[in-house]
2 protein chains.
Amino acid sequence: MAKATDLTAHTHDAVLRLSPDRPEGAAARPARPPRIEDVARQAGVSPITVSRALRTPDMVSPKTRDRILQVVEATGYWSNPHASALRSGRSSIVAAFVSNLLSQQYSQAVLACARVVEQHGYQLMVGQTSYSYSRELSAIQSLRSLRPAAVFFTGVIELEENRDLLRELDIPIVESWAYPPDPLDMLVGFSNTDAGRLAASHLVARGYRRLAFMGRSGGRGALRLAGFAERAAELGAEIVETIRVEQVDSVIDGRRAYRTLLEGGRSFDAIFCANDLLGLGTLLEARQQGRRIPDDLALLTFGDNDLAGELSPRLSTISFDSNAMGTRAGEMIVDRLDPRSDGTLASSLCLDLELIPGETT
Amino acid sequence: MAKATDLTAHTHDAVLRLSPDRPEGAAARPARPPRIEDVARQAGVSPITVSRALRTPDMVSPKTRDRILQVVEATGYWSNPHASALRSGRSSIVAAFVSNLLSQQYSQAVLACARVVEQHGYQLMVGQTSYSYSRELSAIQSLRSLRPAAVFFTGVIELEENRDLLRELDIPIVESWAYPPDPLDMLVGFSNTDAGRLAASHLVARGYRRLAFMGRSGGRGALRLAGFAERAAELGAEIVETIRVEQVDSVIDGRRAYRTLLEGGRSFDAIFCANDLLGLGTLLEARQQGRRIPDDLALLTFGDNDLAGELSPRLSTISFDSNAMGTRAGEMIVDRLDPRSDGTLASSLCLDLELIPGETT
DNA sequence: TTGTAAGCGTTATCAA
DNA sequence: TTGATAACGCTTACAA
């Protein structure tokens with residue numbers, strides 16, 4: 001295969017190499033990875049005994065077990081996960097599906113989950129659903145034959161047909177990022193409706209009455225808007241404008257949303273941005289346009305960006321801990337998969353929301 | 001299994017459910033996913049013909065092919081990846097190994113890579129090497145039997161023995177995050193040495209002469225320090241203190257590193273932090289301790305945090321595009337795996353570094 | 001506690 | 001262009 005390069009302008013890094021002291025007589029590694037049969041032969045037992053020694057050590061006599069484990073160590077044997085999954089109908093893969101792979105919050109949760117399950121011998125596989133039911137469907141269909149040990153979604157499965165498909169998998173499922181009364185299985189969520197209410201309460205308490213909302217139109221965006229509108233109405237404030245933004249990948253999208261908001265021509269004194277990047281983009285764009293914040297315009301965001309508090313002005317924000325969310329999801333999964341678990345770990349959890357007042361409201 | 005919950009304090013979100021219009025006569029889904037044999041029987045061909053129709057359509061007559069694809073569609077057939085991998089010795093999994101799953105830069109690169117490979121029918125699996133050779137070894141060993149289609153590392157494999165193991169896998173490998181002259185296979189990197197040089201040049205040009213360095217002691221940290229020290233010496237500046245921080249998970253670690261730096265008792269007028277979070281933590285801690293920045297202390301960081309420019313003061317930073325890095329890695333991988341590729345895509349790439357002057361130097 | 005036999009669902013190989 | 005046969009490496013079910 002041709003190798004083209006475009007290196008000219010850059011200096012190479014020094015070569016970082018370490019050569020271990022290889023024992024003199026160390027045999028060259030065989031071209032093929034060792035199979036369970038190789039281990040069995042060397043240990044003088046049958047393959048199934050090796051399998052037991054590795055998966056259910058208690059079912060093998062200590063003497064045999066030690067001998068087997070020694071051979072395993074010496075050969076560098078590693079069970080073939082495909083063969084294992086094919087025969088047993090269960091793999092050591094934990095599948096995670098993210099609404100948007102570029103969102104920092106989702107990735108944080110997924111990677112926190114990966115950390116936990118990895119420590120228990122599972123491997124995490126990432127996929128993207130793109131807030132789309134059809135992508136969600138094909139993701140779920142691929143799970144039917146992948147036979148993962150468990151699934152984690154950064155969201156709630158809404159489509160009844162997809163819920164049915166997932167139930168049929170008969171594996172632990174963690175939904176997250178919302179707090180519905182009827183999760184498929186396990187849940188690490190927070191109340192999006194409460195987040196909206198909290199936002200309205202805060203803005204009204206600060207004296208704002210003409211409110212605008214920015215967020216996705218479906219799912220959690222709708223929930224946040226519902227709570228926001230409900231509480232605003234209760235408190236006598238008005239939602240004068242609602243901007244729907246379906247895909248948010250960078251602050252640019254927030255800047256654009258703010259300009260769209262202005263085009264509506266309505267006057268408002270505060271915006272609730274149901275998403276970090278929207279909030280950040282709005283802040284930058286509004287300041288650039290000469291708005292004084294919060295005097296001309298107040299800004300409240302929702303998200304988990306720990307840098308919101310480091311900006312100048314510090315963004316007022318409603319926040320939750322996406323890292324903890326992923327960790328808890330991972331813990332629920334490994335607990336459920338652990339046959340020795342006593343099953344007392346909560347299978348549903350609602351994380352707290354925190355309103356962190358900054359300098360923008 | 002017992003279900004404990006601790007829900008009391010929170011409001012449930014409304015149920016978000018959608019039920020599709022299911023066609024009248026739609027049969028209930030069978031409990032077991034369809035196998036290739038089911039499709040074959042319904043299409044009146046043998047299993048291997050179905051397999052060919054799906055993988056190498058050109059080898060099947062158009063008429064047969066269409067009939068098969070119709071049945072595939074109707075049954076929702078999805079090839080079992082484990083059986084396929086077991087038999088063929090190659091799976092559709094792309095493995096990605098990250099030095100630290102909590103690092104935003106690494107996750108960004110990995111998820112960008114996931115995005116690309118996913119569009120070509122591969123699934124990305126994430127693992128963590130924790131900057132440790134032994135973790136790296138076990139990661140690589142697991143690959144021997146996982147038989148992924150390709151591997152992506154957010155780093156360079158340093159240990160000669162691990163390099164040998166990887167070569168034996170005989171699959172596309174992408175290393176990244178550095179620019180050594182002898183990559184294992186493909187490379188999307190940048191020069192860490194140049195980054196260090198750039199840092200020293202900038203600081204000296206701004207009039208700083210007593211410099212401090214913060215970063216990891218091994219690998220890329222060492223390269224950045226080498227370039228930094230080399231250029232500083234050339235320009236007549238002195239490196240008065242070097243702080244080694246092996247694990248950086250949050251700004252807290254940066255705060256701590258700064259305090260450690262002070263304990264040394266040496267006086268310095270500028271710090272180069274080889275990592276975003278170290279820089280941010282140092283900034284926060286130094287300001288809290290009453291240091292005026294950059295008058296009392298200048299600060300230059302290395303990383304890819306687009307928020308560095310939004311802080312107040314804006315952090316001076318040497319930056320690269322980790323998102324592009326992951327995307328390019330993904331593109332290299334799918335190109336190499338595509339039998340129709342003409343092999344003209346560069347297999348080695350050096351990304352540009354950009355010095356973005358902020359208000360801290 | 002250990003072993004035998006069979007099969008998970010696919011694809012390589014060879015034959016027609 | 002299509003098919004028969006066997007095998008990938010493991011674990012279930014059953015037997016000793």
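Proteins come first, then strands; the chains are lettered A, B, ... in the order of their sequence lines, and each starts at number 1.
Between A/Ser84 and D/dG9 there is no side-chain polar atom (N or O) within less than 4.0 angstrom of OP1 or OP2. At least one side-chain nitrogen or oxygen of B/Ser51 sits closer than 4.0 Å to the OP1 or OP2 atom of C/dT11. OP1 or OP2 of D/dC10 sits under 4.0 Å from a side-chain N or O of A/Tyr77.
Rounded to whole Å, atom P of C/dG9 lies 12 Å from atom CZ of A/Arg144. Rounded to whole angstrom, the span from the CD1 atom of B/Ile36 across to the C1' atom of D/dT2 amounts to 14 Å. Taking atom CH2 of residue A/Trp78 and atom P of nucleotide D/dC10, one finds them 13 Å apart after rounding to whole Å. Straight-line distance from the CZ atom of A/Arg35 to the C1' atom of D/dA7: 11 Å, rounded to whole Å. Taking atom CG of residue B/Asp58 and atom P of nucleotide D/dT2, one finds them 12 Å apart after rounding to whole Å. Atom pair A/Asp38:CG and D/dC8:C1' shows a separation of 14 Å (rounding to whole Å applied). Across the protein-nucleic acid pair, A/Arg147 atom CZ and D/dC10 atom C1' stand 16 Å apart, rounded to whole Å. A straight line from CZ of A/Arg41 to P of D/dC10 spans 12 Å, rounded to a whole angstrom.
Nucleic acid contact class of B/Ser145 (heavy atoms, under 4.0 Å, all strands): none.
A 4.5 Å side-chain heavy-atom check between A/Pro172 and A/Asp185 finds at least one atom pair inside the cut-off. With contacts defined as side-chain heavy-atom distances shorter than 4.5 Å, the pair A/Arg67/A/Lys63 does not qualify. With a 4.5 Å cut-off on side-chain heavy atoms, B/Val151 and B/Ile140 do not count as touching.
Here B/Tyr133 contributes atom OH and B/Glu158 contributes atom CD; the two are 3.5 Å apart, rounded to the nearest 0.5 Å. Note that CG of B/Leu159 and OG of B/Ser134 are 10.0 Å apart. Values are rounded to the nearest 0.5 Å.
Closest to the A/Ser88 side chain, of the nucleotides D/dT12, C/dG9, C/dG3, is D/dT12. Closest to the side chain of B/Ser61, from the set D/dT1, D/dG3, D/dC14, is D/dT1. Distances were taken from every side-chain heavy atom of B/Arg87 (C-beta onward) to each of C/dA6, C/dT11, D/dC14; the shortest belongs to C/dT11. Among C/dG9, D/dG3, C/dT4, the nucleotide with an atom closest to any side-chain atom of B/Arg52 is D/dG3. With D/dT11, C/dA12, C/dG3 as the choices, the nucleotide that has an atom nearest any side-chain atom of B/Arg55 turns out to be C/dA12. Here the side chain of B/Thr64 is nearest to one of C/dT2, D/dT2, D/dG9, namely D/dT2.
Under the 3.5 Å distance criterion, the side-chain polar atoms of B/Arg135 are matched with a main-chain donor or acceptor of B/Gln128.
In this structure, A/Pro47 and B/Glu37 both approach DNA chain C, and ranking their closest nucleotides by distance from the 5' end singles out A/Pro47. Toward the 5′ end of DNA chain D lies the nearest nucleotide of B/Met59, the other residue of the pair B/Met59 and A/Ala85 mapping further downstream. If B/Ile48 and B/Leu86 are placed on DNA chain C by their nearest nucleotide, the residue sitting closer to the 5' end is B/Leu86.
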